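Report on the following structure.
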Amino acid sequence: MLTIDRLRILEFRGIRDLCIEPNGDSFIVLGPNGSGKSGVVDALDFALTGNIARLRGPGRGGVSLRHHGPHVLHRDDPGSAVVELKVTEPHSGKSATLSRSVADPKSFKLEPDVPEVRDAVDRVALHPELVLSRREIIQYVLAEPGKRSEEIQALLRLERLGEIRKVLRSAQTKTKTASDSAAERVRTAEDSLRRHIDTPELLIDQVRESVNLQRLILDLDELPELRPDTDLAAGVASGDQTEPAFNKSSAAADIAAARAAMDGAFNSAAEALDTLQSRIANYEAYDGLHIALASRSLVESGLGLVDGAVCPLCDTRWTDQAALEEHLREKLRHSEDAASLDNARSTAANAAAAKFQIVVSDVVVPLAAVGKGVGAGEANNDLDSVRNLFAGASQRLASIVTVEELDQLRTRVESMRTIANDAAKAVSSVVDERPDQSGVANAHSFVTIAQERWSALRQARSAAAGAVAAATAAKAVHDTYCAALDTGLASIYADVGERFAGLYRCLNAGDEDSFKANLSPSGQKLDLSVDFYGQGMFPPAAYHSEGHQDGMGVCLYLALMERQLEADFRLAVLDDVVMSVDVGHRHQFCSMLKSEFPDVQFIVTTHDEVWARKMVSSGLVAKKQQARFVAWNVNDGPSMMEGADVWERIGQDLNQGDVNAAAARLRRNMEQSLAEIAEELGAQVPYRASGGWGLGEFLNAVKARYGKLLKDAARAANSWNNEDASDKVKTAQKEFNDAKLVQESESWAVNPAVHYNQWENFGRQDFEPVVGAGRAFLAIFTCEKCESWLHLSGQAGSPPESLRCGCGHQQFSLVDK
């Protein structure tokens, strides 16, 4: 796709002016937290995609690229914030310079405008996941199955498939609901007609016989058969009747049915409210439920943002990162419990709403129909009140979250029982007062009402048939699509899972050689289970350590990117993603990247010096392929050392006769190196609130501390009568004293050579011994094998147990017998 040869950053984020040159190879950006590494990652993200992932997503309210992309001193000048990349399209070998400004982030300039490079840039813009930070690993390994499915499908560019699944699922749900409602309307229409013809079952022959008996009274022809479009009242004269047809026996039957259903319907509604009350009581009893529900997405985001022992949500400092992450996971577990209680409450509310609908359909509707037909007056108003209360309550139930609110509703529902019962009596009384009709009038009304209800039934059945057909079709389409999708995804995830497991075995060779993993899609979820030393398959967070989880996250990410991009996978920016990989697996991790992805340019940021050295010693990154950030300030941005080739660059300065530049470069390197050594040895540097220590202060502190540690090592060796260890310490003391004498004799020349009005007094031959003395002095603290600084090791809070290098080649015990 693309590889990066040079990166130039101008007035962007925390960087004023910075240029680094990866030259198409893997590259390290090393520096302490807050030194500007993330600015480099943001710049790469912006140049490649036109966006900055760090400025998007939950918890970024009020933050925007246009206003917060430029350096703070140029926040009102987005045009000054520019990132330039010299890139190469590997397949064609063509190169060009890509530049993008915050003033117009959606467009970019390409010089020269090479078609192959432009096409590659357009493809890269579709893959922001080329930039991976540790906070994003959680979305692949520790996320909930539903969230994991969304994130991985998005990375594989399959999110559209998931969206289609959701649309089809929504269509299936809606059509099923419509079908159920249509079926309920058919049942109501059937009951209405059945009551009218006064038969226990609604059979075609019984309807025809009942109607024909009344047609004979009206001296009308019998109906030979009943079809859906048959007019039961054919031949009946409508006359000048303006009131609805009334049939006393039919009205009485409707009232009797409604009154018979009343107690059962109201009791069922009351029982449903009892169940809902129990669920709401559990809901209320859960301490902090609302906060747990509302903060779920925030906590998920925070867990992904953890980078050290400081909470990214509230800036609280914890004892260690593991404790902080466990605290956030516990909050997620609480939110899951809260969600379960909320779902139980919601389910009970839906069940109560369904019971309320039965009250309306089986009690209120038939009573209201009769009441309006006979002009029941106040009873009709009461029935409208009951209907409106239950209709409104059905919608309100879902939002009730306190027992107090529910009690208020329950009181009103119980009052409606009395109102409905009184209204039923009133309507019944009006019907009873109506005079009995003559046989002809009764037959006339009977046939007319039968036709009305027969027509209503026909329409309800027709609508129900359409609704059932739609629901059946929606379900068939959904099921067929999901089956095909699951089959296809299962094949993809099987391949990804196998590659993921292979990479993880490579990373943990000799420890988890039988490791395997299962990525199992199920509906809209994606479960991930991994082997734990042959004891079974478990979620990654069940037994594996944080370091192993981080390793899994990177391996799964690489497997997914390889699956998605295939031969186009040529670049990956890893932002501090390896911080938790333990010391024992660092070499294997670097070897895995080098051997399994030889064509991928990895740009890695880290604050761990040992990690950086391991990447160099493993051959993943060349010595010169480093940018070492020392510190950062708002006016100048990051200050950067030249990296592993600093001595070569000092030599170049001297060859060009530029002693001033060589002296400045030497001083910066000595200050940075001695600052790191002082930290590793626990040297005591005089406190300065400004943090502005000088070279001399670092030198004095390191010399004093190292001399003390060597004395402690000599005493420890003598206490164990260990002659070999004692001889080793004596050799180290002699080398230290010799290097110290040379360094002290030459260091006087550093400061004068740095200043403008002094450098002309020095030549190359004058300053070369100074450089040699400084280099030799630093070599005292450097392992010749792993190139790491000597450092103290032991239990935190206890006296150090040894002075050693990263690989153990150099080691002095500090523990007395």
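Because the structure is predicted, anything quoted here is derived from the model rather than measured.
- Rounding to the nearest 0.5 Å gives a distance of 12.5 Å between CG of L232 and CZ of R453.
- Under 4.0 Å is where a charged nitrogen must lie from a carboxylate oxygen, and between D191 and R195 no such pair does.
- Aromatic ring pairs are classed by plane angle as parallel below 30°, tilted from 30° to 60° and perpendicular above 60°; the pair F390 and F356 is perpendicular.
- Shortest non-hydrogen contact noted between L220 and G235 is CD2-O, 3.7 Å.
- Side-chain atoms of S428 do not come within 3.5 Å of backbone N or O of A424 as any donor-acceptor pair.
- For R412, the CZ atom sits in a loose shell: 12 or fewer heavy atoms of surrounding residues, nucleotides or ligands are nearer than 6.0 Å.
- Contact check on E190 versus R461 returns a salt bridge, with a Lys/Arg side-chain nitrogen under 4.0 Å from an Asp/Glu carboxylate oxygen.
- With rounding to the nearest 0.5 angstrom, the CD atom of E405 is 11.0 Å from the CG atom of L397.
- With values rounded to the nearest 0.5 angstrom, T402 atom OG1 is found 10.5 Å from Q277 atom CD.
- In this structure, the separation between OG1 on T347 and CZ on R345 is 9.5 Å, given to the nearest 0.5 Å.
- Between the side chain of T411 and the backbone N or O of D407 there is at least one donor-acceptor pair closer than 3.5 Å.
- Contact annotation: the side chain of D382 never approaches that of D422 to less than 4.5 Å [non-hydrogen atoms, C-beta and beyond].
- Judged by distance alone, the side chain of R215 and the main-chain N or O of D221 form a donor-acceptor pair under 3.5 Å.
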